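Report on one structure; see the data block that follows.
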Amino acid sequence: MNEQEKIYQVIASIPKGRLCSYGEVAKLAGLPGRARWVGRTLSQLPSDSRLPWFRVISAQGKISFPAHSAAYQRQLALLIAEGSAEPSGKIHWRQYRWPS
DNA sequence: CTCCTGACTCCAC
DNA sequence: TGTGGAGCCAGGA
């Protein structure tokens, strides 16, 4: 399994209603300190992917896209759909715990 | 090889 | 609370 697949696996395991930061995903995938790598990997994600990429946010509890951008609104809408955010943009960060 | 870039983080002010 | 800068590291030019 390559690094990209590990990252996909971790993200795929995040339950609906739970969120995880890029840094946490990296750590859980066995790639500590490589949050940027996770971000880059997601940026390369095919548009038709089923991966819940929108459950990954920054460590500051915010969406990592410029506010008002189309990408930002797309992610916010998906989070609102599962109760992880409000239309106002406020995020309800229910931290995902990796099964230990 | 060097330089720049980025869906990131931390820490100091 | 906000901002700024340094650290981070694989890719691409």
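As the structure is a computational prediction, the values presented were derived from the model and not from experiment. Numbered from 1 within each chain, the chains take letters A, B, ... in sequence-line order.
- A heavy-atom distance below 4.5 Å is found between the side chains of Glu3(A) and Arg34(A).
- Pairs of Watson-Crick or G-U wobble type, with distances under 3.5 Å, assemble into runs of 3 or more in DNA chain B at these ranges: B:2-6 with C:9-13, B:8-13 with C:2-7.
- Less than 4.0 Å separates DNA chain B from at least one heavy atom of each of the following residues of residues 4-24 of chain A: Ser21(A), Tyr22(A), Gly23(A).
- Leu19(A) and His92(A) get closest at one heavy-atom pair: CD1-O, 3.7 Å.
- Considering every non-hydrogen atom in both Ala26(A) and Ala35(A), the closest pair reads CB-N, 4.0 Å.
- Judged by distance alone, the side chain of Gln75(A) and the main-chain N or O of Val56(A) form a donor-acceptor pair under 3.5 Å.
- At a threshold of 4.5 Å between non-hydrogen side-chain atoms, the residues Arg74(A) and Phe54(A) do not count as touching.
- The side-chain heavy atoms of Val38(A) and Val10(A), taken from C-beta on, include no pair separated by under 4.5 Å.
- With sequence neighbours excluded, the residues satisfying salt bridge (charged side-chain N to carboxylate O under 4.0 Å, His left out) with Arg55(A) are Glu82(A).
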Can I get a per-line list of side-chain donor-acceptor pairs under 3.5 Å for residues 62-70 of chain A, giving both atom names and the distance, sequence neighbours left out?
from	atom 1	to	atom 2	distance (Å)
Ser69(A)	OG	Pro66(A)	O	2.7
Ser69(A)	OG	Tyr72(A)	N	3.1

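- For residues 47-86 of chain A, proximity to DNA chain C is found at no residue, defined as any non-hydrogen atom under 4.0 angstrom from a strand atom.
- We find that Lys27(A) and Glu24(A) are joined by a salt bridge, their nearest charged nitrogen and carboxylate oxygen being less than 4.0 Å apart.
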_Sugar-phosphate or base contact per nucleotide [nucleotides 7-13 of chain C; S, B, -; heavy atom under 4.0 Å]_ = BBSSS--
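- In this structure, the side chains of Ser84(A) and Ile91(A) stay at 4.5 Å or more apart for every pair of heavy atoms.
- For Glu5(A) (side chain) and Asn2(A) (main-chain N/O), a donor-acceptor pair under 3.5 Å exists by modelled atom type.
- Pro87(A) approaches Leu76(A) most closely through the heavy-atom pair O-CD2, 4.3 Å.
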